[in-house]
Amino acid sequence: MSQATEEFFAALPAQAPAVLRAPVTGTLQIDLASGNRTEHWLVRLSPGAATVERARGPADAVWSSSADLFERLVTGRAQAISAVLRNESTFRGNVMLFLVFRRFFPTPPGVRDPRETAREQAGRA
């Protein structure tokens with residue numbers, strides 16, 4: 001497993017209060033495949049809290065991805081919904097967990113809030 005992925009999962013509990021504001025509760029299992037090996041992560045989400053463990057278990061949803069794709073997601077070089085729509089990863093179960101979990105991923109490098117860009121352009125006019 002890449003260091004970026006390890007750091008991403010380690011940081012989830014600290015980021016949860018800012019990210020998990022919606023009243024969504026459930027368990028998401030994330031399966032990351034690399035060659036003939038699959039690592040399993042179990043993420044329990046609730047409003048303002050997340051717990052993470054390396055395990056398989058009963059889950060409300062399962063997201064399967066390659067370890068390489070997941071590293072691109074955690075570094076902002078790929079988008080989760082796009083990956084699922086392109087069938088690069090699969091998801092089954094409670095879709096709300098996926099939609100909430102994707103908020104943990106960073107924005108792509110160099111992306112700025114369009115409101116900031118508009119304010120800068122208005123200031124130059």
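For the numbers below, each heavy atom of this structure counts, side chains included, while hydrogens, waters and symmetry mates do not. Remember, it's a predicted structure, so these values are computed and weren't measured experimentally.
- A heavy-atom distance below 4.5 Å is not found between the side chains of Leu28 and Asp60.
- Linking Ile, Leu, Val, Met, Phe, Trp and Tyr residues whenever their side-chain heavy atoms come within less than 4.5 Å leaves Leu99 and Val62 in two separate clusters.
- In terms of heavy-atom proximity, Leu69 sits nearest to Ser66 at N-OG, 3.0 Å.
- The CD atom of Glu53 lies 12.0 Å from the CZ atom of Phe9; values are rounded to the nearest 0.5 Å.
- Across every non-hydrogen atom of Pro47 and Thr25, the tightest pair is CD-OG1, 3.5 Å.
- Counting only heavy atoms from C-beta outward, the side chains of Glu88 and Arg72 approach each other to under 4.5 Å.
- Using a 4.5 Å cut-off on side-chain heavy atoms (C-beta onward), Trp63 and Asp31 make no contact.
- We find the CD1-OG distance between Ile30 and Ser89 to be 10.5 Å, quoted to the nearest 0.5 Å.
- Heavy atoms from other residues, nucleotides or ligands lying under 6.0 Å from CZ of Arg56 number 12 at most.
- Closest non-hydrogen pair, Val100 versus Val24, comes out as CG2-CG2, 3.8 Å.
- Here Ser2 contributes atom OG and Leu32 contributes atom CG; the two are 9.0 Å apart, rounded to the nearest 0.5 Å.
- When all heavy atoms of Gln79 and Leu73 are compared, the pair lying nearest together is C-CD2, 3.4 Å.
- Within a 6.0 Å radius of CZ in Arg86, other residues, nucleotides and ligands contribute more than 12 heavy atoms.
- What you find for Pro13 and Pro17 is that their closest heavy atoms are O-CD, 3.6 Å.
- Between Phe70 and Phe105, the ring centre distance stays below 6.0 Å.
- In this structure, the separation between CD on Gln15 and CZ on Phe8 is 7.0 Å, given to the nearest 0.5 Å.
- Leu42 and Phe98 are assigned to two separate hydrophobic clusters, defined by single-linkage of ILVMFWY side chains at heavy-atom distances under 4.5 Å.
- How far CG of Leu20 is from CG of Leu45: 5.5 Å, rounded to the nearest 0.5 Å.
- Minimum heavy-atom separation, Ala22 to Arg103: CB-NH1, 4.2 Å.
- Interatomic distance, Glu6 CD to Arg54 CZ, rounded to the nearest 0.5 Å: 4.0 Å.
- Distance alone, capped at 3.5 Å, places no donor-acceptor pair between the Glu71 side chain and the Thr5 backbone.
- Counting heavy atoms from C-beta outward, Phe101 and Leu12 have side chains that approach closer than 4.5 Å.
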